[in-house]
Amino acid sequence: MISIMLIAGNWKMNYGLKELYDFSNTFKSFEPSKDIDLCIIPPFPIIKEAKHILQETKINVGAQCCHYKLEGSFTGDVSPKLLSEIGCDYVITGHSERRSNHLETNAYVKNTVLSLINKNITPIICVGETQEEKRKGNTFNFIKKQVSESVPIINDALIVVAYEPIWAIGSGNIPSEEEIEKIHNLIREELNSIPYLKVIYGGSVNEKNCKEIFSIPSVEGALIGGASLNFKEFLAIYNSGVKYLNSFKR
Ligand code: PGA
């Protein structure tokens with residue numbers, strides 16, 4: 001069954017085994033809600049250990065990127081096949097830091113999504129405009145093109161798209177609720193032939209603003225960088241999501 005929301009913590013190039021054990025301690029008595037999947041996305045070398053120590057918890061583990069080829073002469077790259085073998089649940093593809101530092105193009109992202117689906121791993125596909133595109137009033141067209149070129153139409157597996165305005169990442173600035181709603185609806189319209197689609201928001205999500213972000217109707221979760229490194233804060237964000245969804249049950 002597909003949950004309603006996904007809350008994922010992207011550790012980026014931070015932390016190692018010590019912090020992984022700290023995380024596991026903080027989440028020792030974690031009670032997962034069936035409505036919200038929780039996922040941590042640590043650096044490659046500790047993914048296998050993360051899967052191992054979290055196996056009883058229902059906490060998912062993801063990777064921050066991968067190649068689209070399953071094997072070959074690609075020094076330093078990691079295959080979706082290997083990630084699937086070690087039990088990886090999610091993989092981010094097309095994060096803006098990968099797009100700008102490692103030439104992950106829209107075509108690369110699309111091919112990666114196809115390989116991930118083939119290996120039963122859920123892709124988290126990042127899209128988002130630069131400050132410059134926003135200034136030019138070009139956000140709508142930019143996102144439309146990025147989505148149509150990066151996301152293949154898949155009808156038998158979950159696809160997660162994360163709207164992450166580049167200017168909001170790590171900056172403490174977030175778009176207005178109306179802006180987020182507008183872009184999420186655009187993504188949904190562009191991909192309306194994908195039956196299992198989740199659109200989540202990323203960019204400076206924290207304990208203070210998460211309640212407001214989760215209450216935007218088109219937001220189905222969050223991809224969290226900085227605030228996910230503070231495990232108590234990450235747990236508080238998760239609990240805020242649970243509280244929000246529970247408010248509809250009364
Ligand atoms: P941030 O990062 O939460 O630190 O802004 C989000 C991301 O890059 O996915």
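Atoms within each ligand, like the ligands themselves, are counted from 1 in listed order. Numbering of residues begins at 1 and proceeds along the displayed sequence. Because the structure is a prediction, the values reported are computed rather than measured.
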A.B. asks: In terms of atom number and element, which parts of ligand 1 are under 4.0 angstrom from non-hydrogen atoms of H95?
C.D. replies: 7 (C), 8 (O), 9 (O)
A.B. asks: For E133, is there an ion pair with K145 - N to carboxylate O distance below 4.0 angstrom?
C.D. replies: no
A.B. asks: Which of the numbered atoms in ligand 1 are under 4.0 angstrom from any heavy atom belonging to G226?
C.D. replies: 1 (P), 3 (O), 4 (O)
A.B. asks: For ligand 1, which atoms have a heavy atom of L223 less than 4.0 angstrom away?
C.D. replies: 9 (O)
A.B. asks: With a 4.5 Å cut-off on side-chain heavy atoms, are F234 and I7 touching?
C.D. replies: yes
A.B. asks: Which side-chain N or O atoms in residues 151-161 pair as donor and acceptor under 3.5 Å with protein atoms at least two apart or in another chain?
C.D. replies:
none

A.B. asks: Which protein heavy atom lies closest to atom 3 (O) of ligand 1, and at what distance to 0.1 Å?
C.D. replies: G225 N, 2.8 Å
A.B. asks: What is the nearest protein non-hydrogen atom to atom 7 (C) of ligand 1, stated with its residue, atom name and distance?
C.D. replies: E164 OE2, 3.2 Å
A.B. asks: Any N or O of S204 that comes nearer than 3.5 Å to an N or O of ligand 1?
C.D. replies: yes
A.B. asks: K12 to ligand 1: N or O pair under 3.5 Å?
C.D. replies: yes
A.B. asks: Are any of the side-chain heavy atoms of I169 and E97 separated by less than 4.5 Å?
C.D. replies: yes
A.B. asks: Using a 4.0 Å cut-off to any heavy atom of G170, which atoms of ligand 1 qualify?
C.D. replies: 1 (P), 4 (O), 5 (O)
A.B. asks: Quick one: do the W11 and Q64 side chains pair a donor with an acceptor below 3.5 Å?
C.D. replies: no
A.B. asks: Should G202 be listed as contacting ligand 1, given a heavy-atom distance under 4.0 Å as the test?
C.D. replies: no
A.B. asks: Does a side chain donor of either E181 or S218 reach within less than 3.5 Å of an acceptor in the other side chain?
C.D. replies: yes
A.B. asks: Any side-chain donor-acceptor pair under 3.5 Å between Y15 and D22?
C.D. replies: no
A.B. asks: For ligand 1, which atoms sit closer than 4.0 Å to a heavy atom of G203?
C.D. replies: 5 (O)
